[in-house]
K.L.:
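One structure coming up, written as structure tokens, with questions to follow.
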Amino acid sequence: MTGYVEAGSLMTKRKIRVLLAKPGLDGHDRGAIVVARALRDAGMEVIYTGIRQTPEMIVEAAMQEDVDLIGLSILSGAHNALCPRVLSLLELNGMGDIPVLLGGIIPEDDCEPLRAMGISAIFGPGTNTTEIIDFVRKTVGR
């Protein structure tokens with residue numbers, strides 16, 4: 001499987017477009033940068049918005065960039081406030097079908113409620129980047 005997705009009525013192929021963002025006030029982005037490079041090296045187009053993004057900024061960038069998937073990296077513990085807002089804004093903007101994955105420090109007790117609200121996958125510290133790449137390809141490359 002490649003880093004491409006079929007697009008349009010002519011069945012042309014284009015790279016999978018992934019938006020990675022660091023919502024909230026957390027400034028630690030080393031993990032997000034590692035994931036961005038791994039996805040890029042796997043043939044995907046990665047748009048990294050950087051640190052300290054609001055949910056509104058993230059959804060606006062997703063709309064402008066026409067992304068296939070959004071990845072959020074949260075280490076601050078604000079996932080229970082930020083994820084529902086991102087998902088709500090996606091839905092309000094007609095983009096509720098875009099998969100959202102979450103990475104970072106997420107307590108086990110919070111994982112199931114996050115999945116129930118619409119987070120497609122949660123990847124914790126130490127996750128092999130191959131696992132993330134495979135998830136993106138399987139989710140988007142349908």
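Small disclaimer: the values here were computed from a predicted structure and weren't measured.
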K.L.:
Do Met44 and Ile47 belong together in a cluster built from hydrophobic side chains that touch within less than 4.5 Å?
P.N.:
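No, separate clusters.
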K.L.:
Taking all heavy atoms of Val59 and all of Val86, pick out the closest pair and write down the distance.
P.N.:
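Reported closest heavy-atom pair: CG2-O, 3.8 Å.
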K.L.:
Could you tell me the separation between the CD1 atom of Ile98 and the OG atom of Ser120, rounded to the nearest 0.5 Å?
P.N.:
10.5 Å
K.L.:
Which heavy-atom pair separates Thr139 from Pro99 by the least distance, and what is that distance?
P.N.:
CG2-CG, 3.5 Å
K.L.:
Just how far is it from atom CD of Glu60 to atom CD of Gln53, taken to the nearest 0.5 Å?
P.N.:
11.5 Å
K.L.:
Any side-chain hydrogen bond (donor to acceptor under 3.5 Å, both in side chains) involving residues 89-103? Give me the pairs, sequence neighbours left out, ordered by first then second residue.
P.N.:
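Every candidate side-chain hydrogen bond (donor to acceptor under 3.5 Å, both in side chains) pair involving residues 89-103 fails, so no pair, neighbours aside, qualifies.
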K.L.:
side-chain contact (heavy atoms from CB on, under 4.5 Å) between Asn80 and Leu114: does it pass, once the steps are laid out?
P.N.:
CA-CA 8 Å; Asn80 286 326; Leu114 288 165; 3.9 Å; yes
K.L.:
Between Met117 and Leu87, which heavy-atom pair has the shortest distance, and what is it?
P.N.:
O-CD1, 3.5 Å
K.L.:
For the hydrophobic clusters of this structure (ILVMFWY residues joined by side-chain heavy atoms under 4.5 Å, transitively), does one cluster hold both Ile70 and Ile122?
P.N.:
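Same cluster.
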K.L.:
Using the side-chain contact (heavy atoms from CB on, under 4.5 Å) rule, take Ile132 and Thr127 through it: C-alpha gap first, then chi angles, then the decisive distance, then the call.
P.N.:
CA-CA 8 Å; Ile132 298 168; Thr127 300; 4.0 Å; yes
K.L.:
Filter on side-chain hydrogen bond (donor to acceptor under 3.5 Å, both in side chains), then keep only pairs touching residues 24-34, sequence neighbours left out; what's left?
P.N.:
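Sorted result for residues 24-34: Lys22-Asp26, Asp26-His28, Asp29-Tyr48.
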K.L.:
Within the 4.5 Å heavy-atom criterion, are Leu89 and Glu56 side-chain neighbours or not?
P.N.:
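Yes. Closest side-chain heavy atoms under 4.5 Å.
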K.L.:
Side chains of Ile105 and Ile74: does their closest heavy-atom pair fall under 4.5 Å?
P.N.:
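Side chain of Ile105 against side chain of Ile74, heavy atoms only: no contact under 4.5 Å found.
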K.L.:
Same hydrophobic cluster for Val100 and Leu102, using side-chain heavy-atom links shorter than 4.5 Å among ILVMFWY?
P.N.:
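Yes, Val100 connects to Leu102 through the hydrophobic network.
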K.L.:
Shortest non-hydrogen contact from Ser73 to Pro23?
P.N.:
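Nearest heavy atoms, Ser73 then Pro23: O-CD, 3.6 Å.
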K.L.:
Do other residues, nucleotides or ligands put more than 12 heavy atoms under 6.0 Å from Arg37 CZ?
P.N.:
no
K.L.:
If you compare all heavy atoms of Ala38 against all heavy atoms of Ile133, which two are closest, and at what distance to 0.1 Å?
P.N.:
O-CD1, 3.6 Å
K.L.:
So does Glu112 have more than 12 non-hydrogen atoms from other groups sitting under 6.0 Å from CD?
P.N.:
yes
K.L.:
Do Phe123 and Leu101 have side-chain heavy atoms sitting under 4.5 Å apart?
P.N.:
yes
K.L.:
Do the side chains of Ile58 and Ile106 join up, straight or via other hydrophobic residues, at under 4.5 Å, putting them in one cluster?
P.N.:
yes
K.L.:
Is there a continuous path of hydrophobic side-chain contacts, each under 4.5 Å between heavy atoms, that joins Leu82 to Met63?
P.N.:
yes
K.L.:
Ignoring hydrogens, what is the shortest heavy-atom contact between Arg52 and Leu25? Give both atom names and the distance.
P.N.:
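Heavy atoms only, the tightest pair is NE-O, 3.5 Å.
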K.L.:
So Leu19 and Leu69, do their side chains get closer than 4.5 Å, heavy atoms only?
P.N.:
no
K.L.:
For a side chain to side chain donor-acceptor pair (under 3.5 Å) with Asp68, tell me which candidate from Arg14, Lys15, Arg17 qualifies.
P.N.:
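Among the candidates, only Arg14 passes.
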